[in-house]
Structure formats: structure tokens, C-alpha cells
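Beneath this line is the structure, given in C-alpha cells, with notes to follow.
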Amino acid sequence: DIQMTQSPASLSASLGETVSIECLASEGISNDLAWYQQKSGKSPQLLIYAASRLQDGVPSRFSGSGSGTRYSLKISGMQPEDEADYFCQQSYKYPLTFGSGTKLEIK
Amino acid sequence: EIQLQESGPGLVKPSQSLSLTCSVTGYTITSGYDWSWIRKFPGNKMEWMGYISYSGSTNYNPSLKSRISITRDTSKNQFFLQLNSVTTEDTATYYCARWRRYNYFDYWGQGVMVTVSS
């Protein structure tokens, strides 16, 4: 199975701050990576797919980048509604696997 | 609007079977896409369990292959999860989701918490 190592596990950010979350795959995944946001008590919402493509309706402050084994999600200008859990997921190979998640809070 | 909704018992005894239903509205499950089950354990680890495709074929996580079955009722636009011989380690929140193959999960249910306990 492809292991997805996500960091950091938790993060505090001030409003307006830019934050980054990383996922490291145990082997190359050819940009087959998605990022999701999950607010407390809610279902996950797709933010980014194919490593860098913004899902329709997602604010442009969210962006994704990376290649090979290393990928990142950036939030440019933290907003109150961005407080949530974030996780990555690889779609390169079955079984599909997820990162361990990052809890993002407002400082 | 596409919506998915899980339903099923919140408490299952060890060694018994866990059975959940995902009801889909706003899209016909035979029209396309794959229909997945995913679970989130206490501590937040997430595991993809498997899917049933729009054509009825299945693909399971090898870690569960001997215990899992995903089926569907096309007349009701529902698909189902059965997990046999559960243990306390199967305690999790179970989600159903629409899977765009080799891409992403674009619609998720709200999730149903299932506790395995005697």
C-alpha cells in the first residue's frame, strides 16, 4: 500500500496568515492526489484534485502543488471558516489511502 | 443536488455483521461513477473500504477482502455495506461517497457512527 505521511498533525494560524500542509507519499503518485476539508460534525468536502486543480466553488485562497512524492496544500490568508481538519488522499494505486490529517485552528 | 445518506445500527456486537445502507438522491447509481465506503477511526485515521461500480463490479481493500461485501439495489438507488465478524477495532464513523475513478470523492454522506461492543 502507498503510505501518505501528512504534516503537521496540528496547526494554529492567525487570521490572514498563509498556512501550508504537506503530504509525502511512500512512492511516486504522479499528481494523483486530492485534498479535503472536514469541519466538525460535517462530511468531507473536496478542495483540490489532481494535486493542483481547484474544485468548483472552492475559494481561490486554497491552492495545491507538488510532484512525485511530495505535495502541499496552501491557504493564502486564513479565514475563520477555514478552521477544520484537512487530509490528503492518493488515487494512483489501489487500495486508496489517506493522510493522517491536520487539525487547523485559529490562533 | 446530489445527496448521500447512510443509515444503519449504531451498535453491533463483536463477531456479528455490520450492515449499512447508503441512499442516493439526485443521481442514479447506474449512470456512472463508483460508489464507495470509507471509514474514519477514533484518532482520525481514514480507510477506504471498497466500491461498487455503476455496472455492478466491486473492488475491495485487500485488508478487508475476506469480510466485506458491497451490494446494491438499483430499484431503490441504494448501495450497501456488509462487514462480517466485526471486532472492537471496527468501531468507526462510516461514510458512503461517490468516487470518480482515479480522481476523487466528490460527494459524501454525513457519516454514521458504529460502535462494536458487547
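Letters go in sequence order (proteins before strands), and every chain restarts at 1.
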Quick check on B:Y102 against chain A: is it the side chain, the backbone, both or neither that has a heavy atom closer than 4.5 Å?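 Contact with chain A involves both backbone and side-chain atoms of B:Y102.
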
Between A:T97, A:L96, A:L46, who has the most heavy-atom pairs with chain B when the cutoff is under 4.5 Å?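 Heavy-atom pair counts peak at A:L96.
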
Given the options A:P95, A:P44, A:G101, which has more heavy-atom pairs under 4.5 Å with chain B than any of the others?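 Result: the option with the highest number of such pairs is A:P44.
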
All side chain to side chain contact (heavy atoms under 4.5 Å, CB included) counterparts of A:S12, not counting sequence neighbours: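 Testing A:S12 for side chain to side chain contact (heavy atoms under 4.5 Å, CB included), a comparison that skips the adjacent residues, returns A:E105, A:K107.
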
Listed partners of B:N84 passing side-chain hydrogen bond (donor to acceptor under 3.5 Å, both in side chains), at least two apart: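 B:N84: side-chain hydrogen bond (donor to acceptor under 3.5 Å, both in side chains) contacts with B:S17, B:Q82.
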
One pair to check against side-chain contact (heavy atoms from CB on, under 4.5 Å): A:D32 and A:Q90. What are the steps and the verdict? CA-CA 6 Å; A:D32 290 336; A:Q90 66 82 17; 5.8 Å; no

Tell me, which pairs form a salt bridge (Lys or Arg N to Asp or Glu O under 4.0 Å) where one or both residues lie in residues 7-20 of chain A, sequence neighbours left out?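 Qualifying pairs: none.
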
Using a heavy-atom cutoff of under 4.5 Å, enumerate the residues of residues 23-50 of chain B that contact chain A, numbered in order, or state 'none'.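 Within residues 23-50 of chain B, the residues under 4.5 Å from chain A are B:I38, B:K40, B:N44, B:M46, B:E47, B:W48.
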
Have B:S53 and B:S55 got a donor and an acceptor in their side chains that come within less than 3.5 Å?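 Result is yes, a qualifying pair exists.
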
Are B:Y104 and A:Q89 close enough that a side-chain donor and a side-chain acceptor fall under 3.5 Å?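 The criterion, which ignores hydrogens and geometry beyond distance, is not satisfied for A:Q89 and B:Y104.
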
Would you say the side-chain atoms of B:Q5 pair up with the backbone N or O of B:C22, donor to acceptor, closer than 3.5 Å?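 Between the backbone of B:C22 and the side chain of B:Q5 there is no qualifying donor-acceptor contact (under 3.5 Å).
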
